[in-house]
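Below you'll find the structure, written out as C-alpha cells, and then a few comments.
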Amino acid sequence: MTRASVDVALGTRVVTLRVAAVVEETAEARSFVFEVPEDAKERFGYRPGQFLTLRIPGEPPVARCYSLASSPFTGEPPKVTVKRTEGGYGSNWLCDNLSPGDSIDVLPPTGTFTPASLDEDLLLWAGGSGITPVLSILVSALVGGRGKVVLFYANRDRDSVIFDRALTELARRYPDRLTVTHWLQSERGLPDAGSLADFAAPYADFHSYLCGPAPFMAAVTEALADRPRERVTGEVFVSLSGDPFAEPVPVAADDTAADVDVELDGTVHALRWPRERTLVDVMLARGLDVPYSCREGECGSCACTVLDGEVEMGRTGVLDDDDIAAGYILACQARPRTGTVRIRF
C-alpha cells in the first residue's frame with residue numbers, strides 16, 4: 001500500500017460514446033449498443049448487474065441511470081435497454097432521438113447489484129424492464145459460472161416481454177441449468193406474496209436477486225421474508241435530480257477542516273475535509289477517481305467503510321441499520337464529525 005499527500009488530477013470521468021446499434025426489443029423498449037473508444041476500454045470494464053449514467057440533452061440537461069443488459073463474459077459491446085415511461089423525459093428522449101452513429105456523454109459503469117460469485121445457485125426475479133440487469137447476471141452466470149439459474153419474469157402481457165427470444169434461446173441452450181417462468185398479468189393478474197413464496201419454496205438455498213417496479217419488489221421481498229438478509233439482493237431504479245456530470249467545485253479548507261486518510265485502490269490519500277462538504281466533493285476536487293454516480297444517496301456506488309473517527313450523513317439512502325452498524329457510509333452524503341477520519345473504499 002502506498003501513501004500520497006499530493007494527488008495528480010485524473011481529468012474528467014465523462015466519456016463520449018458512439019451508438020453502434022439500436023435494437024427495438026418491444027413497442028416500448030429499445031436497446032442501445034455502444035462503441036467504447038480504445039483509450040476508455042479499461043474504465044468501461046464492468047460487472048454483471050451494473051449500470052451506466054447517461055447525460056440527456058436539454059435545458060438544462062439531466063442525468064439518468066440505465067442498467068447494462070449485456071454481459072462482460074461474452075465479448076459483446078456494452079448495451080443498455082430503455083423502456084419508455086409515461087412522462088419520463090430521459091426514456092422518451094432516448095427512444096425518440098438516439099440513432100446509430102449518434103454520440104452521448106456517459107459516466108463509467110458502477111453499481112452494487114452484482115453477484116459476489118457466479119458459481120452459486122441464483123433465483124432471479126424481474127418485473128418489466130427490471131429484466132435488464134437481471135439478464136446481465138443470468139447470462140454471466142451461465143457463461144462464466146457453474147450454478148443453476150432460475151428466473152421468474154413478470155410482465156403485463158406477452159407483447160411486453162423484453163428479451164423474449166433471447167430467453168427462449170438461452171433456456172434451449174442450457175436446459176440443465178436454466179429455468180425460465182413467465183408470469184403475465186393479462187392471464188393471471190398481479191403476482192402476490194403468497195404465490196411468489198410458493199414459487200420460491202423449492203429454491204430455499206438459492207441467492208435471490210430482484211429488480212422491477214416498487215409493488216413487484218415489495219411483493220417479492222415479502223415472499224422472501226424468511227430468507228437470510230444476506231441472501232436477498234434488490235436493485236432500485238434511480239431518477240436523479242442533480243447533475244453528476246458537473247465539473248468539480250473547488251474546495252477550500254479552513255482551520256476547522258478534518259484530516260482524512262482515504263484508501264482507494266491500494267493508495268492512501270491524505271486530504272483536508274471541510275465540515276460543510278461531502279467526501280465525494282473533496283475527493284473530486286483533488287482529482288481522485290472516486291466511485292460515484294447519483295451523488296444523492298440512492299445508488300450505493302460510493303459506499304465505503306469508516307475505519308477510524310466519525311462522520312454524519314444527511315441521507316442514508318440504500319444503507320440499512322446493519323450496514324451502518326458495520327461502519328458503511330455513503331461518501332456523497334458524509335461530512336466529518338471528528339477531527340481525524342480514516343476511510344477505505
Side-chain angles (χ1 to χ4, degrees), residues 1-10 12-13 50-51 53 63 65 107-114 116 229-230 233-236 238-345:
M1 183 185 305
T2 59
R3 179 181 179 84
S5 57
V6 178
D7 303 305
V8 178
L10 298 179
T12 180
R13 301 172 72 237
Q50 291 194 307
F51 62 86
T53 304
C65 302
L107 292 178
T110 190
T112 59
F113 184 65
T114 182
R229 171 183 166 276
E230 64 273 11
T233 303
E235 174 70 308
V236 179
V238 179
S239 185
L240 307 181
S241 59
D243 182 11
F245 290 88
E247 289 298 317
V249 176
V251 173
D254 55 25
D255 292 341
T256 67
D259 291 310
V260 57
D261 283 353
V262 179
E263 182 182 333
L264 178 67
D265 297 330
T267 299
V268 176
H269 304 271
L271 310 174
R272 294 284 288 165
W273 187 359
R275 295 181 183 271
E276 75 280 3
R277 303 300 294 269
T278 70
L279 183 57
V280 166
D281 289 340
V282 173
M283 294 177 70
L284 288 177
R286 292 295 299 271
L288 293 174
D289 195 17
V290 54
Y292 77 93
S293 183
C294 74
R295 299 183 70 175
E296 297 176 14
E298 296 295 341
C299 72
S301 302
C302 65
C304 50
T305 306
V306 177
L307 303 178
D308 189 42
E310 297 181 9
V311 305
E312 57 186 23
M313 285 189 291
R315 298 171 64 182
T316 55
V318 297
L319 302 182
D320 59 26
D321 291 341
D322 290 337
D323 294 326
I324 294 171
Y328 288 104
I329 66 167
L330 299 174
C332 72
Q333 299 295 303
R335 293 171 172 82
R337 181 178 292 170
T338 54
T340 59
V341 186
R342 286 197 303 128
I343 302 287
R344 176 183 294 156
F345 280 87

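Heavy atoms only: backbone and side chains are in, while hydrogens, waters and symmetry mates are out.
Between Thr114 atom OG1 and Glu235 atom CD the span is 10.0 Å, to the nearest 0.5 Å. The distance from the CG atom of Asp281 to the OH atom of Tyr292 is 10.0 Å, given to the nearest 0.5 Å. Rounding to the nearest 0.5 angstrom, the gap separating the CE atom in Met283 from the SG atom in Cys302 is 10.0 Å. Put simply, OG1 on Thr278 and CZ on Arg295 are 6.0 Å apart, with the number rounded to the nearest 0.5 Å. One distance of note links CD1 of Ile329 with CG of Leu319; it measures 9.0 Å at 0.5 Å rounding. Put simply, CE on Met313 and CD1 on Ile324 are 4.5 Å apart, with the number rounded to the nearest 0.5 Å.
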Please test Val306 against Ile343 for side-chain contact (heavy atoms from CB on, under 4.5 Å), starting from the C-alpha separation and ending with a verdict.
CA-CA 5 Å; Val306 177; Ile343 302 287; 3.8 Å; yes
Show your working on side-chain contact (heavy atoms from CB on, under 4.5 Å) between Phe51 and Thr110 and close with a plain yes or no.
CA-CA 6 Å; Phe51 62 86; Thr110 190; 3.5 Å; yes
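By the 6.0 Å contact criterion, CZ on Phe345 is enclosed, its count of non-hydrogen atoms from other residues, nucleotides or ligands being greater than 12. A 6.0 Å sphere centred on CG of Asp320 holds more than 12 heavy atoms belonging to other residues, nucleotides or ligands.
Of all heavy-atom pairs between Gly111 and Gln50, the closest is O-NE2, 2.9 Å. Taking all atoms of both residues into account, the shortest heavy-atom contact from Phe113 to Thr233 is CE1-O, 3.5 Å. Considering every non-hydrogen atom in both Gly309 and Thr338, the closest pair reads CA-OG1, 3.4 Å. For Pro336 against Pro274, the heavy-atom pair with the smallest separation is CD-O, 3.9 Å. Considering every non-hydrogen atom in both Thr53 and Cys65, the closest pair reads OG1-SG, 3.6 Å. Across every non-hydrogen atom of Ala258 and Arg275, the tightest pair is CB-NH2, 4.5 Å.
Within the 4.5 Å cutoff, the side chain of Leu271 has heavy atoms near those of the Leu288 side chain.
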